[in-house]
Visitor: 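Here it is: the structure, laid out below.
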Amino acid sequence: MTNPGENTLQHRYGAPLAADIETKWQGFWRENGTFNAPNPVGALAEPNKELPENKLFVQDMFPFPSGAGLHVGHPLGYIATDVFARYNRMLGKNVLHTLGYDAFGLPAEQYAIQTGTHPRIKTQESIDNMERQLGRLGLGHDKRRAVATTDTEYYKWTQWIFLQIFNSWFDPDVKKARPIAELIAEFEAGTRLTKDGRKYNTLTKAEQAEAVDAYRLVYRTSSMVNWCPGLGTVLANEEVTSDGKSERGNFPVFRKQLSQWMMRITAYSDRLIDDLELLDWPDKVKSMQRNWIGRSRGAEVDFTSPAGPLRVFTTRPDTLFGATYMVLAPEHELVDALTAPTYADGVDKRWTNGQDTPAEAVAAYKKSIAAKSDLERQENKEKTGVFLGTYAVNPVTGEEVPIFIADYVLTGYGTGAIMSVPAHDTRDYEFAKAFGLPIVEVVKGGNVEVEAFTESGEAVNSANDSLDINGLNKADAIEKTIAWLEEKGLGAEKIQYKLRDWLFARQRYWGEPFPVVYDEDGIAHALPESMLPIELPEVEDYKPVSFDPEDANSEPQPPLAKATEWVNVELDLGDGPKQYTRDTNVMPQWAGSSWYQLRYIDPQNADAFCDIENERYWTGPQFDGDCGGVDLYVGGVEHAVLHLLYSRFWHKVLFDLGHVTSVEPYRRLYNQGYIQAFAYTDSRGVYVPAAEVEEKDGKFFYQGEEVTQEYGKMGKSLKNSVSPDEICDDYGADTLRVYEMAMGPLDTSRPWATKDVVGAHRFLQRLWRLAISEETGELIVTEGELTEDDKKSLHRTIAGVTEDYQELRLNTVVAKLIEYVNYLTKAYNGGAPRAAIEPLVVMLSPIAPHVAEELWARLGHEGTVTYVEFPGFEEKYLVDDEIELPVQVNGKVRGRIMVATDAAQDAVIAAAMDAVAAHVDGKTVVKQIVVPGRMVNLVVK
Ligand code: ANZ
């Protein structure tokens with residue numbers, strides 16, 4: 001089979017010529033720094049150049065340098081941002097666009113462990129390969145700004161930002177971060193008490209340190225974590241699958257109490273929710289963030305119990321009269337105190353789970369749920385739990401209600417205890433049914449005989465001597481109940497969040513070391529800025545200490561702990577040289593990506609993470625109330641929550657501390673769709689190489705055997721990857737770019753079809769033939785005038801693509817350019833007029849930049865097409881000079897006429913009469929109605 005990209009004509013636009021052109025122009029761009037964007041100040045400033053006020057900062061979610069290399073799905077977003085950036089350069093904007101690497105993290109380390117080389121070497125190899133692959137695509141990046149999070153000069157500043165956060169606290173009065181020194185000053189002056197209400201000056205040194213730590217935005221705490229012995233590390237909740245395994249490696253994960261670094265992101269819950277209003281982001285992503293933060297308004301209510309007040313959090317204080325039992329999380333601190341020595345005679349057998357005493361029942365129950373994740377515990381399944389043998393008193397009814405533990409109540413949310421209202425909460429209803437507990441209706445509207453009624457309605461059965469909410473709607477009932485509780489000292493309004501603080505440590509090697517040491521008393525000291533960077537030590541054996549995957553009792557042993565010379569250091573932290581030990585954890589993979597947009601702005605700054613003047617220029621607010629930030633951030637929706645929440649949090653801290661002028665990191669977010677592909681499985685369900693599958697009569701065959709077609713992600717495991725190198729070899733990068741942009745709207749997923757790529761290639765060949773002779777390679781454009789039709793076609797194309805480029809409708813840009821090229825091909829069949837070709841080359845250059853540069857040069861221009869002004873259009877060519885009108889006879893359309901838009905009424909009627917002569921002949925026309933631009937109606941008798 002001959003490859004359509006190959007050809008015999010030396011001057012035809014085929015793969016060999018495309019390759020020459022692409023190499024040539026990529027070299028030109030590199031040598032001339034074509035895409036270098038100047039900064040106002042610092043290393044990347046150009047003193048003699050006045051910066052345009054009009055700027056654009058475009059950013060991609062940067063890739064993780066994986067050893068596998070790229071498939072054609074990866075660059076979809078990178079090409080789109082490149083097109084957008086190039087288009088905006090033609091509008092005269094100073095455009096910042098680059099691409100770095102998110103290079104720390106577990107996958108690189110795992111991969112390096114498998115292959116036996118140091119993660120740094122492997123990471124660099126992967127980066128080099130991806131650079132090569134992406135380099136072929138002709139992306140217009142300012143290469144000086146490309147950073148990798150693993151560069152020492154980069155992670156020095158990641159550590160510096162950690163120190164800023166560590167050395168600050170969140171002042172609830174002004175709702176922002178402030179330097180920790182200001183808190184200490186307030187403590188010392190006595191104007192602020194410690195969190196537990198003590199006077200700072202009366203405390204010992206250690207107690208003072210503790211009081212300050214309780215406020216820091218970074219803190220250590222002993223908390224329940226997900227310990228994965230098989231990987232040798234602790235995992236964040238998000239890294240654990242719903243069936244309690246590690247997302248990477250599929251090892252068992254156990255809940256374990258461990259001392260860990262945490263970031264107090266919860267302090268920012270309200271601002272992270274409220275500032276979503278300022279952002280030009282997809283609604284879907286905003287609501288995912290809102291749900292993740294999960295703000296609920298409700299109340300805390302105290303029930304009286306044998307162990308003192310038992311506090312619950314409820315979003316429905318209006319249902320308090322219907323609380324017929326209580327449930328504690330099995331981990332609740334009062335469980336032991338509330339466990340009775342014995343069960344009363346005749347206790348319901350369902351409540352004891354076959355055990356003789358409450359203590360035995362509790363122990364057995366705890367054991368049965370130990371391995372379950374929070375997600376599993378909340379799943380819709382049969383409700384389980386056991387009775388503690390004790391009762392609490394409902395504060396409004398005065399009735400005794402039994403106390404249970406059950407896994408559907410989670411520790412770490414609310415107070416870890418609930419009042420159960422089976423009539424109006426589905427989980428409580430199921431539990432009550434399973435355990436034979438009373439169901440009391442307190443909201444009218446449903447049928448609690450058959451199911452819980454969870455909607456709002458009028459309160460019923462809800463009155464005592466001093467509180468009567470009967471007849472009130474939900475909001476009023478809540479308000480009145482809370483007022484009553486507050487008056488009695490039994491409760492208060494409470495806003496609750498689902499968001500948890502950010503577990504910020506991993507027991508791994510390939511991450512940023514913490515700039516923290518411990519003294520002989522185990523007190524943590526943040527290192528001064530002057531000691532940064534804290535570099536990763538070279539270790540012989542950088543593998544984590546992993547354990548028997550099933551050994552829940554194993555203790556994390558970070559690999560850095562083995563670098564004893566690095567761990568034990570003598571330092572002078574202001575009070576003379578002393579021995580310290582370094583923290584042996586590393587930061588989680590999210591750290592480096594939480595601020596990289598700021599380093600793109602000022603990548604070579606040795607004195608600061610980013611000069612605020614440069615930040616103000618590139619991402620500062622542009623008008624009153626504007627949040628500022630990167631102008632366009634493109635990436636997959638899988639980062640809707642964690643990455644974007646973490647980077648918003650860090651950015652806000654930096655803003656509070658005065659290091660940046662923008663309130664948000666990313667002003668506009670765009671989620672691109674995915675390139676998907678068909679995959680094929682044989683009769684055993686094993687994937688076969690998709691490229692070797694043949695289609696016959698709608699059936700698919702691999703080596704003669706019929707296989708089943710599936711549709712989904714592109715990837716190695718599905719054996720359906722297509723590499724961009726392959727397409728570049730066969731057709732050239734411009735063809736790949738045109739094809740990917742033409743496949744469909746950028747925000748939707750689309751199936752890859754290698755056989756369709758040739759269509760994009762033929763389009764570029766037709767374009768080429770309009771200007772260049774395939775036989776001689778000579779320029780064949782004419783200097784002739786454009787016809788009226790040419791002008792109409794040209795100006796319409798310009799108007800259309802201008803709007804489409806702005807709205808990122810890149811598929812319709814391609815469609816309109818194809819239409820224009822087809823028009824010219826038909827009209828001229830060979831050399832077209834220069835005045836028709838030049839604007840075409842400019843319009844196409846963002847999408848197919850190499851061929852555009854080549855044509856631009858052959859048309860006689862010096863230098864690059866990159867900064868040529870984007871063509872404008874004249875309105876007068878956009879209006880039609882002829883229109884089609886329907887002609888009705890007695891209200892029925894009987895014909896159509898073409899008339900000049902400015903035709904006189906008489907002429908329109910004459911044309912209409914002609915068109916419908918058969919329906920009018922022999923009748924009398926009693927009325928002729930012309931609705932200009934719309935229709936003609938003739939009334940006949
Ligand atoms: C009584 C009640 C009656 C409730 C009713 C709901 C409906 P959101 O909206 O997600 O914040 N809850 C409180 N703490 C819990 C915990 N640690 N584990 C599991 N469930 C917990 O949900 C708050 C509601 O979830 C609370 O309001 C409580 O049940 C339950 F008709 O209290 B509710």
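As the structure lists them, so they are numbered: ligands from 1, and atoms in each ligand from 1. Computed from a predicted structure; not experimentally measured.
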Visitor: Can the ring centres of Phe435 and Tyr325 be said to be less than 6.0 Å apart?
Guide: no
Visitor: I need the Leu258 CG to Gln507 CD distance, nearest 0.5 Å.
Guide: 7.0 Å
Visitor: Pairing donors with acceptors under 3.5 angstrom, does anything connect the side chains of Asp747 and Gln672?
Guide: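 Distance-only check fails for Asp747 and Gln672.
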Visitor: Quick one: which ligand 1 atoms are inside 4.0 Å of a heavy atom on His424?
Guide: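 That gives atoms 5 (C), 7 (C), 31 (F) of ligand 1.
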Visitor: Give the numbers and elements of all ligand 1 atoms closer than 4.0 Å to a heavy atom of Thr319.
Guide: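 Listed by number with element: 3 (C), 31 (F).
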Visitor: To which protein heavy atom is atom 9 (O) of ligand 1 closest, and what is the distance rounded to 0.1 Å?
Guide: Ser296 OG, 3.5 Å
Visitor: Under 6.0 Å between the ring centres of Phe404 and Trp351?
Guide: yes
Visitor: Please could you name the atoms of ligand 1 that Met419 approaches to less than 4.0 Å, counting only its heavy atoms?
Guide: 1 (C), 32 (O)
Visitor: Compute the shortest N/O to N/O distance between Leu410 and ligand 1 and return yes if it is under 3.5 Å, no if not.
Guide: yes
Visitor: Has Glu333 got more than 12 heavy atoms of other residues, nucleotides or ligands less than 6.0 Å from its CD?
Guide: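 Atom CD in Glu333 is not packed in, count stays at 12 or less.
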Visitor: Look at the aromatic rings of Phe166 and Phe162 and report parallel, tilted or perpendicular, splitting at 30° and 60°.
Guide: parallel
Visitor: Looking at Lys474 and Glu458, would you say the former's side chain and the latter's main chain have a donor-acceptor pair under 3.5 Å?
Guide: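 Looks like no, no N/O pair under 3.5 Å.
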Visitor: Identify, with sequence neighbours excluded, every residue that meets side chain to side chain donor-acceptor pair (under 3.5 Å) alongside Glu239.
Guide: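 Once residues adjacent in sequence are excluded, Glu239 has no partner under the side chain to side chain donor-acceptor pair (under 3.5 Å) criterion.
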Visitor: Quick one: look up the protein heavy atom nearest atom 21 (C) of ligand 1 and list residue, atom name and how far away it is.
Guide: Ile418 CG2, 3.4 Å
Visitor: Can you tell me the protein heavy atom closest to atom 28 (C) of ligand 1 and the distance?
Guide: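 Among all protein heavy atoms, the one nearest atom 28 (C) of ligand 1 is Phe313 O, 3.8 Å.
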Visitor: Looking at ligand 1, does any of its N/O atoms fall within less than 3.5 Å of an N/O of Thr314?
Guide: yes
Visitor: Within the 3.5 Å criterion, strictly below it, is a donor on Thr266 or Asp501 matched to an acceptor on the partner's side chain?
Guide: yes
Visitor: With heavy atoms under 4.0 Å as the rule, classify the contact between Lys498 and ligand 1 as side chain, backbone, both or neither.
Guide: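 The side chain, only.
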Visitor: Which residue supplies the protein heavy atom nearest to atom 6 (C) of ligand 1, what is that atom called, and how far is it?
Guide: Asp425 OD2, 3.3 Å
Visitor: Under 4.0 Å from any heavy atom of Val421, which atoms of ligand 1 are there?
Guide: 1 (C), 3 (C)
Visitor: Return yes or no for this condition: an N or O of Thr315 is under 3.5 Å from an N or O of ligand 1.
Guide: yes
Visitor: Checking Tyr429 now: which residues fulfil side-chain contact (heavy atoms from CB on, under 4.5 Å) with it, not counting sequence neighbours?
Guide: Lys433, Ile439, Ala452
Visitor: When you look for heavy atoms under 4.0 Å from ligand 1, do you find them on the side chain of Val409, its backbone, both, or neither?
Guide: both
Visitor: Counting each atom of ligand 1 from 1 as listed, which ones have a heavy atom of Tyr408 under 4.0 Å away?
Guide: 18 (N), 19 (C)
Visitor: Could you tell me the residue and atom name of the protein heavy atom closest to atom 20 (N) of ligand 1, and the distance to it rounded to 0.1 Å?
Guide: Arg427 NH1, 3.7 Å
Visitor: So which protein heavy atom does atom 11 (O) of ligand 1 come closest to, and at what separation?
Guide: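 Here the closest protein heavy atom is Tyr413 OH, 2.4 Å.
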